[in-house]
Amino acid sequence: GIQVRALSNEEISRLGVDNGVLVIALKKEGAAAQAGIMRGDVIFSLNQQKVSSEADFNKSMANIASNQKAVPVLIGRRGEGKRYLAGKLK
């Protein structure tokens with residue numbers, strides 16, 4: 001229950017980053033929301049895999065085992081910098 005899109009060149013420049021995807025929608029009661037991910041967050045890595053596109057994100061999500069209890073997600077949130085969250089995403 002999470003939708004992402006690649007960062008635009010302007011967003012990459014403004015944020016001073018070289019990769020990441022922007023969370024544009026997620027289910028309120030979904031696993032991603034329960035892990036602490038919010039709309040507007042930038043995801044830099046998922047399960048220790050760098051993500052730069054929607055395809056990278058989807059591939060990383062597909063590689064998560066359904067029984068994996070905690071998936072590390074490196075996010076950036078406006079005004080808070082980068083930090084890791086961990087949760088069951090499937």
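Because the structure is a prediction, the values reported are computed rather than measured.
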Discussion item. Rounded at 0.5 Å granularity, tell me how far CZ in Phe57 sits from CD1 in Ile43.
Written reply: 4.5 Å
Worksheet item: How many angstroms lie between CG in Asp56 and OG in Ser45, if you round to the nearest 0.5 Å?
Response: 11.5 Å
Worksheet entry | Partners meeting side-chain hydrogen bond (donor to acceptor under 3.5 Å, both in side chains) with Arg77 (sequence neighbours left out) | Asp41
Worksheet item: Under the side-chain hydrogen bond (donor to acceptor under 3.5 Å, both in side chains) test, which residues partner Ser8, sequence neighbours left out?
Response: Glu11
Item to complete: Would you check if the side chain of Ser13 reaches a backbone N or O of Asn9 as a donor-acceptor pair within less than 3.5 Å?
Response: no
Worksheet item: Short question: side chain of Lys88, backbone of Gln34 - any donor-acceptor pair under 3.5 Å?
Response: no
Any [X] side-chain heavy atom under 4.5 Å of [Y] side chain:
| X | Y | value |
| --- | --- | --- |
| Pro72 | Asn47 | yes |
| Leu85 | Ile37 | yes |
| Met61 | Leu46 | yes |
| Val17 | Phe44 | yes |
| Val42 | Leu15 | yes |
| Arg83 | Ile75 | yes |

Fill in: Over all atoms of both residues, closest heavy-atom pair of Met38 and Leu26
C-CD2, 3.9 Å
Worksheet entry | Nearest heavy atoms of Ile12 and Leu7, plus distance in Å | CG1-CB, 3.7 Å
Around [X], counting heavy atoms of other residues, nucleotides and ligands shown, do more than 12 lie under 6.0 Å from its [atom1]?
| X | atom1 | value |
| --- | --- | --- |
| Arg14 | CZ | yes |
| Gln48 | CD | no |
| Arg39 | CZ | no |

Discussion item. Once salt bridge (Lys or Arg N to Asp or Glu O under 4.0 Å) is applied, what residue pairs with a partner in residues 17-29 remain, sequence neighbours excluded?
Written reply: Asp18-Lys50
